[in-house]
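Working notes for the structure below.
Because the structure is predicted, anything quoted here is derived from the model rather than measured.
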Amino acid sequence: MAANGSRVRVLVGTRKGAFVLESDGKRKHWDITGPHFGGWEIYHIKGSPVDPNRIYASQTSGWFGQIVQRSDDGGKTWEAVGNEFAYNGVPGTHQWYDGTAHPWEFKRVWHMEPSLTDAETVYAGVEDAALFKSVDGGKTWSELSGLREHGSGSKWQPGAGGMGLHTILLDRLNPERIFIAISAAGAFRSEDGGKTWKPINKGLLSQYIPDPDAEVGHCVHRIAMHPARPQTLFMQKHWDVMRTDDAGDHWHEVSGNLPTDFGFVIDVHAHEPETVYVVPIKSDSEHYPPDGQLRVYRSRCGGNEWEALANGLPQEHCYVNVLRDAMAVDSLDRCGVYFGTTGGQVYASADSGDSWEAIARDLPGVLSVEVQTLP
Amino acid sequence: MIRVVIPAHLRTLAGVDGELRLEVDAPVTPRRILDALEAGYPVLRGAIREHGTRKRRPWLRFFACEEDFSHQSPDEPLPDPVAQGLEPFFVVGAIAGG
């Protein structure tokens with residue numbers, strides 16, 4: 001655990017730039033800098049756990065393509081590094097929305113995941129779905145093509161936002177193990193550092209694919225893990241909140257008493273591996289909270305029993321969404337929880353979700369939120 | 001010297017202001033201008049032309065002398081006023097949105 005004398009840095013990616021919010025351990029007063037890369041979409045921005053001053057950002061544009069930015073001073077200054085993401089070999093086809101074959105094409109980086117042990121090593125999850133790795137601080141990128149080529153790639157299909165690899169979970173206890181998730185293909189696991197992969201979707205049921213319990217094709221929105229319990233994963237699927245206790249070999253539903261089990265984000269308390277957070281969204285066609293009330297739901301028992309957390313959140317006329325990469329936790333003694341909305345608000349709770357306040361209110365639509373707990 | 005105008009976001013990315021002036025050997029073509037641009041400002045690699053194929057990114061256009069050169073061969077010589085530095089070669093972002 002980190003003492004409350006620590007500092008917290010919140011890294012926010014938005015539709016029109018990146019913002020860095022900093023506070024002391026009390027998390028009452030926040031200094032905001034930005035926009036960095038104003039006018040560009042910042043899909044994700046995340047710091048290295050090895051060197052917190054090393055931060056990677058995915059900067060994208062429909063006009064100008066993909067840029068990867070790197071900071072070595074905690075986000076004060078930035079340097080554009082390598083942006084060439086070339087698939088290995090001839091990438092072939094995946095399914096288009098109507099089931100026809102569609103050629104694989106790189107579009108953007110959805111998620112940057114810095115290594116747990118080396119600041120120069122970072123993984124990138126991209127659209128069209130593939131996993132890339134850099135071992136030179138983002139200057140060059142190589143595809144871990146065993147994922148795309150493991151056998152089911154031709155059956156993957158894009159979700160509404162594209163066919164993005166959006167979740168990368170590294171296992172602190174087993175450096176060779178990596179989990180990833182793709183919309184709409186599902187979850188996959190590697191036991192050899194990313195060389196070979198297997199789908200881990202047993203137990204998922206999706207009515208929007210021809211075979212609801214197929215091996216792949218599920219629209220997984222997000223997976224979360226507590227670092228001390230890497231066998232246990234929590235998943236927010238398109239519909240359904242799921243849990244596995246055997247590293248994805250079997251999943252079971254833990255939606256329980258949620259008002260709706262559609263949503264995007266899911267995260268786990270920094271010190272309580274059975275405390276889980278989601279933000280229920282009304283439906284896949286409405287993409288806003290039920291009844292115009294923005295509520296985080298917390299389970300303290302690993303799912304099924306959920307309590308609404310509304311103190312400090314708008315409880316009328318609220319029709320924002322919370323996107324899949326837009327929730328994070330800090331590791332202070334009283335775990336802080338943070339999330340951003342498509343309406344440009346960043347909400348923070350310094351008491352594990354009991355109460356909330358907006359620490360930024362009028363940013364561009366938020367795509368991602370990450371938190372660094374600093375000494 | 002060849003005059004080149006690039007969109008504001010790319011000027012910010014390259015750390016430059018205003019119009020660029022580049023040495024380009026004759027015959028002056030879109031490919032030679034873009035090769036010189038990327039050699040001088042490597043951060044622009046991939047931002048105007050795709051890596052690998054070197055194809056123009058679909059939301060960008062190439063204009064000069066009030067004509068559209070987006071769809072001609074990148075090896076086709078540009079008009080004399082561009083080669084003589086009298087008129088700029090424009091890289092323009094397509095209008096998208098309201």
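- Between the side chain of W63(A) and the main chain of L60(B), no donor-acceptor pair closer than 3.5 Å is present.
- Crowding of H317(A) atom NE2: a count of heavy atoms from other residues, nucleotides or ligands under 6.0 Å not exceeding 12.
- N83(A) contributes a side-chain N or O that, together with a main-chain N or O of R45(B), makes up a donor-acceptor pair within less than 3.5 Å.
- Of all residues in residues 64-73 of chain A, those placing a non-hydrogen atom less than 4.5 angstrom from a non-hydrogen atom of chain B are F64(A), G65(A), I67(A), Q69(A).
- The environment of D98(A) atom CG is dense: over 12 non-hydrogen atoms of other residues, nucleotides or ligands sit within 6.0 angstrom.
- Interface check for chain A: of the options G93(B), G46(B), P42(B), A47(B), the most heavy-atom pairs under 4.5 Å are formed by A47(B).
- Contacts between residues 1-23 of chain B and chain A, counted as heavy-atom pairs separated by less than 4.5 Å, involve P7(B), H9(B), L10(B), L13(B).
- The neighbour count for K107(A) NZ, taken as heavy atoms of other residues, nucleotides or ligands under 6.0 Å away, is above 12.
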